[in-house]
Amino acid sequence: MSKNNRIWKKISKLDDRIILALLFGSVIVTQIFPVGLPLPIMDTTKWLYDGIEKYASPGSVIIIDNEVSPGLLYENGQGSAAVMTHIFRKPGIKIIITHFTPESPIMFSKLVDLKWLNIPDDKKYGEDYILMPYLPGIETAYAAVAKDLWIYEKDLYGTPLKDIPMMNEIKTLADVDLIFQTTISGGHADAAIRQWAQTYNIPFGWCLSAPMLPTYMPYVPSQAFGAIGGVPGGAQYELLIKKPGNAVSYSDSVSLIILLSFLMMVIVNISEFMSKTGGGES
Amino acid sequence: MSLIPQRLANLTLLVMIICIPFIIYYLSKEKKLFLKIRRIAALDAIEESIGRAVEMGRPVHFTTGLAGITDVRAPMTLAGVSILSHVARLCARLNTRLFVTIGDATVLPLTLSTVREAYRVENAMDQYSDDIVFFPSGGYRQRIIQLLQDENCAANIMIGAFHGEAMLLVDGGYRAGAINIGGNPRIQMIPFFVVGCDYTFIGEENYAASIAVSGEPLELSYLGGQDIIKGITVIMIILGSILTSFGITFIQKILGS
Amino acid sequence: MQNLLIGATIGHAIIMSIKTLQDNAIGKIALNGRFDIIIPLALGAMLFSRFIPKYNWLDRYGVGIMVAIGASLSMSRMVDTDIINQITASIASLSYGDLINFINAIIIIFGTTSSIAYFIFTKEQKGSYGLFTRIGRIVMMVAFGAVFGSSLVGRASYFVTTISFILRDWLGIIA
Amino acid sequence: MSILMRKNLPQALTAIVGFILVVDYYFKINEIRLLSDTFTLYGTIIAAFALMLGAFSVARIQILNIIKKGKEWYLSVLLLGTMILFISTGLSLGTTSSIYKTMYNTIITIISTHSWTLVGAATFTAAIRVFRVKSIESTLLFLAAMLVTFATVPIGTWINPEFKTIGDWIMSIPTVAGNRGFIITAAIGGIVLSFRTLIGKEKRALGVELTES
């Protein structure tokens, strides 16, 4: 084979280290010299925002199903924090936060510690919002909670529910006006939309992981009014609620990385083609 | 005792989905109906790739994915195992070396017996040894990539439940210059197989292929029953759209929406 | 590293299960006098019989109930969320609206139906039907493309987030 | 023990409980409603045991490994040590205590986050390297991926604002169509599978061996 041919072959077998070096470099550069390109806002994100604006009216009861898990904290942590912040800003609402993943109760406090989720001072624990403990058995647990919210004897901190004022008029899921779920697990997403949104037809919003978003599009907007996926969704949502957040500042780096990666894909394919056809003999 | 009206359509459909397979089974048992699974490109590709491996005198690698048989991903793994028996038989018949890796210890007994049985049926027990199947406990990914490199496999067949690591296995196979054949019903992972593999089982094709190779009449009739329901949904959508275009919302009404 | 993680995770899992039992099982018996809760407690305890070879069949009772609940709950709802609602959502009117609307309707109707038809396994994909299923495959490829693209962005942003977390919060290179 | 107690009774139990829960979804019958509520509650409690069981079986393997002085037994010791540390802290101080949270965040959150990042990065590079435009289909896949991506990242809309419109269109029309076919067929398969599990015709579905093994 010719010399060019060998070069093409070398390029087509691009080395991991080169790619990683390029990516690292681009991240560092864009982090140090941010350009601040305007971030586009996808329709689904807008739908989620509008839906929450619409349904989180004063006097409404809202369930936030928080399934943020430590492994993918950076995947949908910021997105869910942004939406939660949006919900918490609404006046005169009661919020119940449920957990069906063993890790998620701690992750909620992690979101607060990281200052991603800021709870306004006028929202009092026990009067305006309550944290429920973990309940095992995904599909079963969702169904059980839907049938009777008082299946929890105590809240996360071990206070009996009957000593918590806001729970007096909330009995089953029929008293709930809006559900927001943040999850990276298909099992939880399916269970929630089946056992909660469908069975009691309650407005339902989603914060999923980036790969999950397209696969759950068939439910949007017919069964879930909106959805965001991964860090991009989080960044867009932070723009919408005008919360100068973390995710926004990454958009430059992500843009560059994506551009580079597609460029590399094209190069690899071309060089593979050339090396196959033994092209470039001159 | 009163039926919840808006769930009538649901109940009807459920009953249909449950009953039709049994009717199909009865019909096919009575020889009134003959079912045959359509060509599945990836399944033919398996034989082709093994043939190629034989010509090159290089081994074949098969993995049943990360999951075991003790959680909801069990059906995916089992589909993989029944395709494994097909692969093992081919390898035994064509007398080429086979490596089987599993992602979860619970699959080990099943895979072992499957492979042994395959070699026994092809009476090639002289080629069989228990270390054809091995469980890379810890570092599943790295061990498989290592194996693909060291043994220089000519075919890398991955059927079962895969997660984030799928792409890396594909990459391993690619680097070893093997034909990649992937199968994974988890839709989030399929694109990675489609871009990387030479042939891919898409979604339910896994189960269909596993039935095609095992050829169990009951399974086959279940599949046939499902196909009828799929046909009905297709007709409903098209008919409904045509009617709706003329302002008749009959289908939506019977579906109770 | 990995062992630390596994150890911590299963430790956490055990804690969580114990807490649940304390609050929901023992609590219900103590506070509400629901003495029937003893039944699931017994069934749950029977799950551990799988470690005793002689009595390992005992766990089938507990498992059986869990499976029954899981399967029946999901199967009855699936008909609604994943079949009926999907059908009604795919039914689109071709008559009203502009050209774009018409094209979208066509894509939704034929894309959905043909991709369903692709998964009909007991009919050979020949002739015009074969063409139809081919359309289904192509539509699915576009869908997969969306998934792939979304995953790429997801992974990229995940990568960036973590790196800048390291740069920012650990090394403090960036203000 | 007789086959009745070993096999038939558990299967019958599964079928009955399943039947009751299904009926409860379609018919308004107070007795059934009461029963199904009770069963669902039972389910959550048994599930707690199942969670514990999973953890125990991992621990058991490690203990056996230590006893047998198997390979890398010291790692097993480390694992069990961490586990015991967590359990003791959790039980004594409670999971909402700051100490437990700190332990949790320093061990679980950091390690798992970074292992995920490594896998993510590796997958990313692999995707770049392995992506081959072989056929019309993979070309379409590539184009769809590119358009969706460019609609999500600023640079795309900076190059041309139309990217967003196209990306949104792909997300809400072809993606929906393709995935919908997927969802419907998967659901039909899933329902059949669940039913077979209920009547004990499925050997290991949903991960349980309800038959003699």
Side-chain angles (χ1 to χ4, degrees), chain B residues 6-7 9-14 17-18 24 35-40 72 138-139 164 167 187-195 202-205 207-209 211-212 220 223-224 226-231 233-247 249 251-252 255-257, chain C residues 2-3 6 63 67 70-71 74-81 83-96 102 105-106 108-110 112-126 129-130 132-133 136-137 140-141 143-152 154-155:
Chain B
Q6 65 271 30
R7 289 183 184 156
N10 181 330
L11 184 57
T12 329
L13 204 55
L14 183 68
I17 294 174
I18 288 168
I24 300 279
L35 287 177
K36 184 176 164 300
I37 293 187
R38 70 163 165 87
R39 252 186 87 256
I40 296 172
V72 289
M167 199 68 221
I187 185 166
Q188 280 94 352
M189 267 359 274
I190 293 175
F192 290 91
F193 272 160
V194 173
V195 300
I202 296 174
E204 298 261 305
E205 275 187 330
Y207 304 119
I211 295 165
L220 193 55
L223 202 64
Q226 292 182 32
D227 288 352
I228 290 177
I229 305 290
K230 290 167 193 171
T233 52
V234 169
I235 291 162
M236 272 182 152
I237 292 173
I238 294 179
L239 191 68
S241 310
I242 294 167
L243 290 179
T244 318
S245 311
F246 295 109
T249 58
I251 299 283
Q252 288 92 321
L255 288 176
S257 74
Chain C
Q2 215 55 33
N3 294 57
I6 298 168
V63 164
V67 171
S74 58
M75 118 178 163
S76 47
R77 272 71 166 178
M78 251 188 195
V79 182
D80 272 327
T81 54
I83 301 179
I84 291 181
N85 291 358
Q86 298 300 336
I87 292 174
T88 42
S90 317
I91 292 175
S93 170
L94 300 168
S95 56
Y96 68 86
F102 178 78
I106 289 285
I108 283 282
I109 295 163
F110 283 95
T112 312
T113 49
S114 55
S115 54
I116 296 172
Y118 180 79
F119 289 111
I120 294 180
F121 293 108
T122 50
K123 185 166 175 7
E124 205 55 53
Q125 296 181 342
K126 286 203 266 1
Y129 173 74
F132 186 55
T133 52
R137 197 176 156 87
M140 271 192 285
M141 283 304 152
F144 293 153
V147 178
F148 185 73
S150 184
S151 325
L152 271 189
R155 296 228 191 267

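What you see below is based on every heavy atom in this structure, not just the backbone, and it leaves out hydrogens, waters and symmetry mates. What you see is a predicted model; the values in this text were computed from it and never measured. Naming: A, B, ... by sequence-line order, numbering from 1 per chain.
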> In the structure I gave you, are the side-chain heavy atoms of C/Thr122 and B/Ile228 within less than 4.5 Å of one another anywhere?
no
> Is chain B contacted by the side chain of C/Ser76, its backbone, both, or neither, given a heavy-atom distance below 4.5 Å?
backbone
> Heavy-atom cut-off 4.5 Å, strictly under: side chain, backbone, both or neither for B/Ile18 against chain C?
side chain
> Quick one: which of B/Thr244, B/Thr233, B/Leu223, B/Asp227 has the most heavy-atom pairs under 4.5 Å with chain C, could you say?
B/Asp227
> Got a second to check how far B/Leu243's CG is from B/Met236's CE, nearest 0.5 Å?
11.5 Å
> What part of C/Ile108 gets within 4.5 angstrom of chain B, counting heavy atoms only: side chain, backbone, both, or neither?
neither
> Which distance, rounded to the nearest 0.5 Å, do you find between the CZ of B/Phe193 and the CE of B/Met167?
9.0 Å
> Closest heavy-atom contact between B/Ser245 and C/Ala92?
OG-O, 4.4 Å
> Need one label for C/Met78: side chain, backbone, both or neither, based on atoms under 4.5 Å from any heavy atom in chain B.
neither
> With a 4.5 angstrom heavy-atom cut-off, which part of B/Ile251 approaches chain C: side chain, backbone, both or neither?
side chain
> Go through the atoms of B/Ile190 and report whether side chain, backbone, both or neither lie under 4.5 Å from a heavy atom of chain C.
side chain
> Is it the side chain or the backbone of B/Leu35 that comes within 4.5 Å of chain C heavy atoms, both, or neither?
side chain
> Return the option, out of C/Phe121, C/Tyr118, C/Phe144, C/Phe148, with the maximum number of heavy-atom pairs under 4.5 Å with chain B.
C/Phe121
> Select, from B/Ala212, B/Gly247, B/Gly231, B/Gly240, the one with the greatest count of heavy-atom pairs under 4.5 Å involving chain C.
B/Gly240
> Would you check if C/Tyr129 and C/Ile120 make a side-chain contact, meaning some heavy-atom pair closer than 4.5 Å?
yes
> Determine the option with the most heavy-atom pairs under 4.5 angstrom with chain C, choosing from B/Ile202, B/Leu13, B/Ile238.
B/Ile202
> Which region of B/Gln226, side chain (C-beta onward) or backbone (N, CA, C, O), has a non-hydrogen atom less than 4.5 Å from a non-hydrogen atom of chain C, or is it both or neither?
neither
> Chain B: which of C/Leu94, C/Thr113, C/Ile109, C/Thr112 shares the most heavy-atom pairs with it under 4.5 Å?
C/Thr113
> If you define the side chain from C-beta out and look only at heavy atoms, does anything of B/Lys230 sit under 4.5 Å from B/Glu204?
yes
> Please list, chain by chain and in numerical order, all residues satisfying salt bridge (charged side-chain N to carboxylate O under 4.0 Å, His left out) with B/Lys36, sequence neighbours excluded.
C/Glu124
> Distance check, rounded to the nearest 0.5 Å: C/Arg77 atom CZ versus C/Ile83 atom CD1?
14.5 Å
> Applying salt bridge (charged side-chain N to carboxylate O under 4.0 Å, His left out), name anything that partners C/Asp80, two or more places apart in sequence or on another chain.
none
